Amino acid sequence: MIRERHLFGPGPSNPYPEATRALASPLLGHLDPEFLRIMDETCDRLRTVWGTDNARTLPLSATGSAGMEAAFVNTVHPGDVVVVAVNGLFGQRMTDVAARCGAEVVAVEHEWGQPVDVDRVLSAHPAPAIIAAVHAETSTGVRSDIAALGAGKGDALLVTDAVTSIGGIELRADAWGVDVGYAGTQKCLGVAPGLAPFTINDRAFDRRVEKPRSWYLDLGMLGGYVGEAGVRGGQRTYHHTAPTAMVASLHAGLGRVLEEGLEAVWARHQAAGDALQAGLEEMGLELFAAEGHRLPELTTVRVPEGIASAAVRAALLERHGIEIGAGAGAYAASVWRIGLMGPNARPDAVLLVLAALRDVLGR
């Protein structure tokens, strides 16, 4: 028997009970009318959490990393200039994926732990085809101003990584000028990993690569089965066998979030993050992300001098069943990442992780 874990790392988080229960529902076929109803309603609920009216809003049948690949493989034409704001690991990954799609990548490097410098990004090239940035950088716990990038993007498409932000903090794709966005289910949405909530507006779709390198992630083909098809009606065209149980779980998780109210969920994440960060500082620990730009759902904290990061994480797991994350890249051994996402964004989870850290650190 596997002991239950408190998943307080950078993801996955513990799922909402409603999302877990939905996995045990009778399995449906991917063309069953009842499943198509659930899928269409899921897409509609995703429009709400994305803050968009985009017809092409859907859960891709893969994890958030495939969402990143779909964003670039469908929009990058060979030789396109793609400006990428890099302030952490997932900005770095954007540069890699865009380059593999044939882009001329202009990487705007930032110090890790700092937010994106909007002016530097917007002035990095006079006429890029695409500007890309991470809203909530999972590797550093930093929030960047996507709305400001959208306001200054000009004719460029704005591609946004919202993997750690969706369902946890304010996200308004249409109002902020996001043309293409991708996310994951396993963080603030409180659903198991396996789907990539995705949205693309008509402006970006009209500029798409007609025959992208990826057959599986071809948005033109996917639209005949899900997302666009559900909004505009007509005959469904088979594309692939959708993970029907995962879609049912996402449907239930989104229902749980929307029943509570999206702004109430954002406030709950903020309150939990504020309490955790205050408690960590009271213990004498130093927060890593820049003040004023810290994510409430994912807190980064410096490992104290003389403390073995991996040993502390192992003790938390063995003694208390608590998972927290190591840092990323050059900060793998010097930073901890503590996530309070989805159903874990609540006061008792804050107290639990603080008490466990005090115990393991002897504080």
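Every value quoted in this text rests on a predicted model; they were computed, and no experiment measured them. Just so you know, residue 1 is the first one in the sequence shown, and it goes up from there.
Between the NE2 atom of His6 and the CG atom of Leu316 there is a distance of 11.0 Å, given to the nearest 0.5 Å. For the atom pair CE (Met221) and NE2 (His239), the distance works out to 4.0 Å, reported to the nearest 0.5 Å. Here the straight-line distance linking atom CE of Met341 with atom CZ of Phe8 works out to 10.5 Å at 0.5 Å rounding. In this structure, CG in Asn14 is found 4.0 Å from CG in Leu7, a value given to the nearest 0.5 Å. To the nearest 0.5 Å, atoms CD (Glu210) and NE2 (His77) are separated by 8.0 Å. Taken from CG in Leu295 to SG in Cys188, the straight-line distance is 8.5 Å, to the nearest 0.5 Å.
In this structure, Asn74 contributes its side chain and Leu217 its backbone to a donor-acceptor pair below 3.5 Å. Counting only distance, with no hydrogens or angles, the side chain of Arg294 and the backbone of Ala289 share a donor-acceptor pair below 3.5 Å. Judged purely by atom type and a 3.5 angstrom limit, Arg268 uses its side chain to pair as donor or acceptor with the backbone of Gly342. Using modelled atom types, one side-chain atom of Asp174 and one backbone atom of Asp53 make a donor-acceptor pair closer than 3.5 Å. Side chain of Arg213 to backbone of Cys101: a donor-acceptor contact under 3.5 angstrom is found. Within the 3.5 Å criterion, the main-chain N or O of Ala245 finds no donor-acceptor partner in the side chain of Ser249. Listed for the Lys153 side chain is no donor-acceptor partner under 3.5 Å among the backbone atoms of Ile131. A donor-acceptor pair is defined here as one N or O able to donate and one able to accept, closer than 3.5 Å; such a pair exists between the side chain of Asn87 and the backbone of Gln114. The main-chain N or O of Pro10 is found under 3.5 Å from a side-chain atom of Lys187 such that the two form a donor-acceptor pair. In this structure, Arg5 contributes its side chain and Leu317 its backbone to no donor-acceptor pair below 3.5 Å.
Here the side chains of Val83 and Val121 are in contact, with some heavy-atom distance below 4.5 Å. Residues Val82 and Val159 have side chains not in contact (no heavy-atom distance under 4.5 Å, counting atoms from C-beta outward). In this structure the side chain of Ile38 never reaches within 4.5 angstrom of the side chain of Thr244, judged on heavy atoms. Put simply, the side chain of Ser309 does not reach to within 4.5 Å of the side chain of Ser334, judged on heavy atoms. Within the 4.5 Å cutoff, the side chain of Val163 has no heavy atoms near those of the His135 side chain. Counting only heavy atoms from C-beta outward, the side chains of Tyr331 and Arg337 never approach each other to under 4.5 Å. Counting heavy atoms from C-beta on, the side chains of Leu354 and Leu280 come closer than 4.5 Å. Residues Phe198 and Val180 meet the side-chain proximity criterion, which asks for heavy atoms closer than 4.5 Å.
Nearest heavy-atom pair across Thr42 and Pro59 is CG2-CG, 4.4 Å. Of all non-hydrogen atoms in Ile166 and Pro197, the two that sit nearest each other are CD1-CB, 4.4 Å.
Classified by interplanar angle (parallel below 30°, tilted 30° to 60°, perpendicular above 60°), the ring pair His240/Tyr216 is perpendicular.
Salt bridge Arg56/Asp202: present, at least one basic N to carboxylate O contact under 4.0 Å. The residues Asp161 and Arg93 are annotated as not salt-bridged, no charged nitrogen and carboxylate oxygen being separated by less than 4.0 angstrom. Look at Arg37 and Glu34 and you find a salt bridge, because one of the NZ, NE, NH1 or NH2 atoms lies within 4.0 Å of a carboxylate O, short of that distance. Taking the charged nitrogens against the carboxylate oxygens, Arg47 and Asp44 do have a contact shorter than 4.0 Å, which makes a salt bridge.
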Do Asn54 and Thr199 pass the side-chain hydrogen bond (donor to acceptor under 3.5 Å, both in side chains) test, and can you show the C-alpha distance, the side-chain angles, and the key distance before you say yes or no? CA-CA 7 Å; Asn54 293 340; Thr199 191; 2.9 Å; yes
Evaluation steps, side chain to side chain contact (heavy atoms under 4.5 Å, CB included), between Glu69 and Tyr182: CA-CA 9 Å; Glu69 189 141 356; Tyr182 59 88; over 6 Å; no
Could you please spell out the steps behind the side-chain hydrogen bond (donor to acceptor under 3.5 Å, both in side chains) verdict for Asp96 and Gln92? CA-CA 7 Å; Asp96 188 5; Gln92 287 182 341; over 6 Å; no
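Residues Leu158 and Met68 share a hydrophobic cluster, clusters being chains of Ile/Leu/Val/Met/Phe/Trp/Tyr side chains in contact below 4.5 Å. Grouping the Ile, Leu, Val, Met, Phe, Trp and Tyr side chains by contacts below 4.5 angstrom, directly or via other members, places Leu258 with Leu189. Hydrophobic clustering (side-chain heavy atoms under 4.5 Å, transitive across Ile, Leu, Val, Met, Phe, Trp, Tyr) groups Leu287 together with Ile307. Neither Ile146 nor Val142 shares a network with the other; the hydrophobic side chains, linked directly or stepwise wherever heavy atoms of I, L, V, M, F, W or Y lie under 4.5 Å apart, form separate groups for each. Linking ILVMFWY residues whenever their side-chain heavy atoms come closer than 4.5 Å, directly or via other members, leaves Val360 and Val335 in distinct clusters.
Other residues, nucleotides and ligands contribute at most 12 non-hydrogen atoms within 6.0 Å of the CZ atom of Arg100.
Here the rule is salt bridge (charged side-chain N to carboxylate O under 4.0 Å, His left out) with Arg207, and of Asp80, Asp155, Asp179 only Asp155 fits it.
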